[in-house]
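Quick notes on the structure that follows.
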Amino acid sequence: MEKILLKNIDNPNSSDIDEYIKAGGYRNLSKALSMQPKDILEEVKKSGLKGRGGAGFPTGMKWSFAIADPNLPKYLLCNADEGEPGTFKDRPILEKNPHLLIEGMVISGYVLGSENGYIYLRGEYPHAKEILNKALKQAYEKNYLGDNILGKGIKFHLTVYQGAGAYICGEETALIESIEGKKGQPRNKPPFPVNVGAWNKPTIVNNVETLANLPYIVEVGGEAYSKTGSKDCSGPKLFSVSGCVNNPGVFELPMGTSLKDIIYKYAGGIRGGKALKAVIPGGLSTPVLPADSIDCAMDFVSLPKAGSMLGSGAVIVMDESVCMVKVTHRALKFFEHESCGKCVPCREGTEWLRKILERIEEGQGREGDIELLSDIAGNVAGKTFCPLGDGAAGVVTGMLKHFKGEFEEKIRKV
Amino acid sequence: MFNDSVLNEIEGIKAKYPDRRSALLPSLYIAQREFGWLSHEAMQYVAKTLNLPEAEVRGTSSFYAMFKHQPIGRHLIQLCTNVSCMILGAERLADMLVQKYGLQPNSTSPDGRFSLVIMECIGACGTAPAMLVNTDFHDNLTEKRIEEILEGYK
């Protein structure tokens, strides 16, 4: 497949505006500004683009809610708080192709009627911050940002906002709280951010990868775009592959590429000639799949049928030597640490689950611990303010579903 | 208190947002840059500069892992041990930092040279195990490579 999102990133100067323009960059912005916003919205709807942050909500539909809201001003926030463990797909866009994101955001701002955008960048990406700030400066100098973009009287300003190490801020309402200068705790919904978002104004929060698709949709049109990928999930997708593979990295492939191909064809298969044991297909908070379930299309429709989720498309590959109890324990340590503390099932549940997993891993597991883990996970799932608790519960439930024997063995060995 | 150039920097940040409170996290980063860590006084300066209640500033600041509320060493090592790094040996690396440099997680070496924080995913999973030293990424770590890398941070 021709690269769209990672186009040109092998050029060592790909983040420079002149190189980007030389490769055809910002042409789609000119084209977009000669179109009516409502016509671009139609193309986005036709493209079938779904949000790449994990939820997979149709982008065109989300936008139309914010557009329909009469309140002004409207804000466009880019979620660059890439914190889902195993995910490193937005980093190449931010570090190597920042102008693609900027171009996508200016186009989006034009469609939404927004004059102010912010890139919420995770604190752990200091290098990306420098590159983005340089790219913004260049874009202002060349009039792709500012009060009179390309002389067309269009206004759009863009600022980088640096997060400070809180996974929960990847959740859109927590992100909004954070950019308002508060603790990153999720808000109740409704009202949804499209109506009452940042500074109580209609706000669109889109992932980096989602926004980076916009120039291409403008270029080829929604219908042509929708031909890439699988039937209900169109477009290119970035997959981050890590763990026990020969060739880990970020791969740009059509949505719906099979998990098996991603592991064996693109990521070079399992390291050291070992056997595959399990895969976490969409980032740490998506349920694990056993080795015999990898014949599955990686998209928002197929993975739920296989018992997991596409999430951020972060594939964590584990070979036969990896202990599932240990992985589950580490995962719950993460969720406990990142729970914002706002709601009880998540705050208490993640700690309790972690403690039980810790004692099982240390050989202190008790009879009935597996039932207790299931019971607690069942009482967290669906009962929390935001998806963090669901993710934590799903990890435990998924592991017990496929690898219960390993937990039992650890407990019996006492 | 902050000097004039820092105050100007904060004014510039405030202007980019509809509400001055949005300048809180950026101002805390600036205070951390200026003073090395966020002491009680540093947070008071931030509160005063932004005209926010001190309790709000402390509460917000302590929510975020990257704000430091105690003095740290000259170089900050942020080692990831989340799943992708763990299954490729990150825990051994954490043990090695304890043995060789006396660096317990969330502590500072006795000579004040390094502080160590165990991180949750730094987005370098494809080149795991990985760490940040100050703002530099270091990938594909082994015990030997960490020793060589840390030689560059005196």
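Reminder, nothing fancy here: chain letters follow the sequence lines and each chain counts from 1.
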Among B/I87, B/L50, B/L24, the residue with the most heavy-atom pairs under 4.5 Å to chain A is B/I87
Rounded to the nearest 0.5 Å, the OG1 atom of B/T135 sits from the NE2 atom of A/H127 at a distance of 9.5 Å
Between A/G86 and B/S84, the two heavy atoms sitting closest are CA-OG, 4.0 Å
If one checks every heavy atom of A/S321 against chain B at 4.5 Å, the contacting part turns out to be neither
So, the part of B/E91 with a heavy atom under 4.5 Å from chain A: the answer is side chain
Tell me if the NZ atom of A/K183 is crowded by more than 12 foreign heavy atoms within 6.0 Å. no
Nearest heavy-atom contact between B/F137 and A/R91 is CD1-NH2, 3.7 Å
query: Relative to each other, are the rings of B/Y17 and A/W199 parallel, tilted or perpendicular (30° and 60° limits)?
result: tilted
**Prompt:** Any sub-3.5 Å donor-acceptor pair from B/T60's side-chain atoms to A/K182's backbone N or O?
**Reply:** no
Quiz prompt | Heavy atoms of other groups near A/K96 NZ, more than 12 under 6.0 Å | solution = no
* Okay, side chain of A/R330, backbone of B/T81: is any donor-acceptor separation there less than 3.5 Å? -> yes
Whatever's closer than 4.5 Å to a heavy atom in chain B on A/V241 counts as backbone
Pair count under 4.5 Å, heavy atoms only, with chain B: among A/A166, A/S240, A/G243, A/G249, highest is A/G243
If one checks every heavy atom of A/K333 against chain B at 4.5 Å, the contacting part turns out to be backbone
Note: vs chain B, highest number of non-hydrogen pairs under 4.5 angstrom among A/H157, A/H337, A/K326 is A/K326
Okay, side chain of B/R21, backbone of A/G181: is any donor-acceptor separation there less than 3.5 Å?
-> yes
Here the pair of heavy atoms bringing B/S22 nearest to A/E180 is OG-CA, 3.5 Å
Nearest heavy-atom contact between A/P248 and B/G126 is CG-O, 3.1 Å
Output for pair (B/N82 CG, A/E84 CD), nearest 0.5 Å, gives 9.0 Å
Okay, A/E130 and chain B: the region with an atom under 4.5 Å from a heavy atom over there is neither
When you compare the side chain of B/Q78 with that of A/E124, does any pair of heavy atoms fall below 4.5 Å? no
*Show your reasoning for whether side chain to side chain contact (heavy atoms under 4.5 Å, CB included) applies to B/L25 and A/S178.*
CA-CA 8 Å; B/L25 267 65; A/S178 182; 3.8 Å; yes
Query raised in the report: Looking at side-chain heavy atoms only, is the closest gap between A/C340 and B/F63 below 4.5 Å?
Result: yes
Okay, A/E82 and chain B: the region with an atom under 4.5 Å from a heavy atom over there is neither
Applying a strict 4.5 Å limit to non-hydrogen atoms, the region of A/V315 in contact with chain B is neither
When every non-hydrogen atom of B/G123 is compared with those of A/Y125, the smallest separation belongs to CA-OH, 3.5 Å
- Is a side-chain N or O of B/Y64 found less than 3.5 angstrom from the main chain of A/G184, in a donor-acceptor match? yes
Rounding to 0.5 Å, atoms OH (A/Y161) and NZ (B/K16) come to a distance of 13.5 Å
Q) Within a radius of less than 6.0 Å around NZ of B/K154, do more than 12 heavy atoms belonging to other residues, nucleotides or ligands occur? A) yes
When rounded to the nearest 0.5 Å, the distance separating SG of B/C121 from CZ of A/R122 is 6.0 Å
Applying a strict 4.5 Å limit to non-hydrogen atoms, the region of B/A23 in contact with chain A is neither
Whatever's closer than 4.5 Å to a heavy atom in chain B on A/C323 counts as neither
Item checked: Heavy atoms of other groups near A/K277 NZ, more than 12 under 6.0 Å -> yes
Rounded to the nearest 0.5 angstrom, the CD1-OG1 distance for B/I13 and A/T159 is 10.0 Å
Applying a strict 4.5 Å limit to non-hydrogen atoms, the region of A/V245 in contact with chain B is neither
Whatever's closer than 4.5 Å to a heavy atom in chain A on B/L132 counts as side chain
Distance col, row A/E338:CD vs B/E120:CD, nearest 0.5 angstrom, shows 5.5 Å
Hey, mind stepping through B/M66 and A/Q162 against side chain to side chain contact (heavy atoms under 4.5 Å, CB included) and telling me if it holds?
CA-CA 11 Å; B/M66 294 181 80; A/Q162 190 180 10; 5.7 Å; no
